[in-house]
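Below you'll find the structure, written out as structure tokens, and then a few comments.
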Amino acid sequence: MVSSLPPELPAWTPVVTKLPLDSLQLWDGTELERSTELDAAAVKPLLRYGVDVVLVVASVSKPLRRLSGDEMRAFWRDDAAVRIAPRDRPAYLTDFLGDRL
């Protein structure tokens, strides 16, 4: 999920208890609207230098993580991009396990 958040998440950032998230808010309480599921090709242009975006990482039993800049791009490259299913063909769990089989 991508949103514009302030530099630090507030101290009240809750722990994620389930996925997908029921909702996500900006720091000022503005509710973000889930409009579509994105594939890797749709996210990649948002990660270019000069684009003002923040990647919010939600993992069960952990607080939300806010990533921006080089940290966001490294997370995308090393972890997230390889875990997003393509929209144009079926996806199987084995496609994402790599050497963990």
Side-chain angles (χ1 to χ4, degrees):
M1 196 163 270
V2 179
S3 72
S4 295
L5 294 176
E8 291 99 28
L9 288 173
W12 50 262
T13 300
V15 170
V16 176
T17 58
K18 68 177 185 162
L19 293 173
L21 297 175
D22 291 329
S23 65
L24 186 63
Q25 298 176 345
L26 295 176
W27 62 274
D28 64 0
T30 303
E31 190 79 23
L32 297 176
E33 182 179 328
R34 185 182 308 246
S35 60
T36 185
E37 294 181 17
L38 298 173
D39 61 8
V43 173
K44 193 171 181 178
L46 299 174
L47 304 178
R48 287 189 210 137
Y49 288 94
V51 178
D52 185 25
V53 297
V54 173
L55 183 69
V56 177
V57 180
S59 299
V60 173
S61 78
K62 297 182 181 178
L64 294 173
R65 286 177 42 207
R66 176 204 175 273
L67 304 176
S68 60
D70 290 337
E71 185 180 23
M72 172 185 64
R73 289 176 194 87
F75 175 82
W76 173 257
R77 180 189 64 238
D78 299 339
D79 196 22
V82 296
R83 295 180 185 210
I84 295 181
R87 296 176 79 181
D88 59 348
R89 63 182 168 82
Y92 304 95
L93 183 58
T94 54
D95 296 341
F96 303 97
L97 294 176
D99 59 1
R100 291 181 250 174
L101 286 175

State which residues pass side-chain contact (heavy atoms from CB on, under 4.5 Å) with Asp70; sequence neighbours excluded, sorted by chain then number. Tyr49, Arg73

When rounded to the nearest 0.5 angstrom, what is the spacing between CG in Leu24 and CD in Glu31? 7.5 Å

d(Leu55 CG, Leu46 CG) to nearest 0.5 Å is 10.0 Å

Would Asp79 and Val57 count as a side-chain contact (heavy atoms from CB on, under 4.5 Å) here? Give the steps. CA-CA 11 Å; Asp79 196 22; Val57 180; over 6 Å; no

Which pair of heavy atoms, one from [X] and one from [Y], lies closest together, and at what distance?
{"X": "Met72", "Y": "Leu47", "answer": "SD-CD2, 3.7 Å"}
{"X": "Ala58", "Y": "Leu64", "answer": "CB-CD2, 3.8 Å"}
{"X": "Val60", "Y": "Thr17", "answer": "CG1-O, 4.1 Å"}

Could you give me the CA-CA distance, side-chain angles and deciding distance for Trp76 and Ile84, then say whether side-chain contact (heavy atoms from CB on, under 4.5 Å) is met? CA-CA 10 Å; Trp76 173 257; Ile84 295 181; 3.4 Å; yes

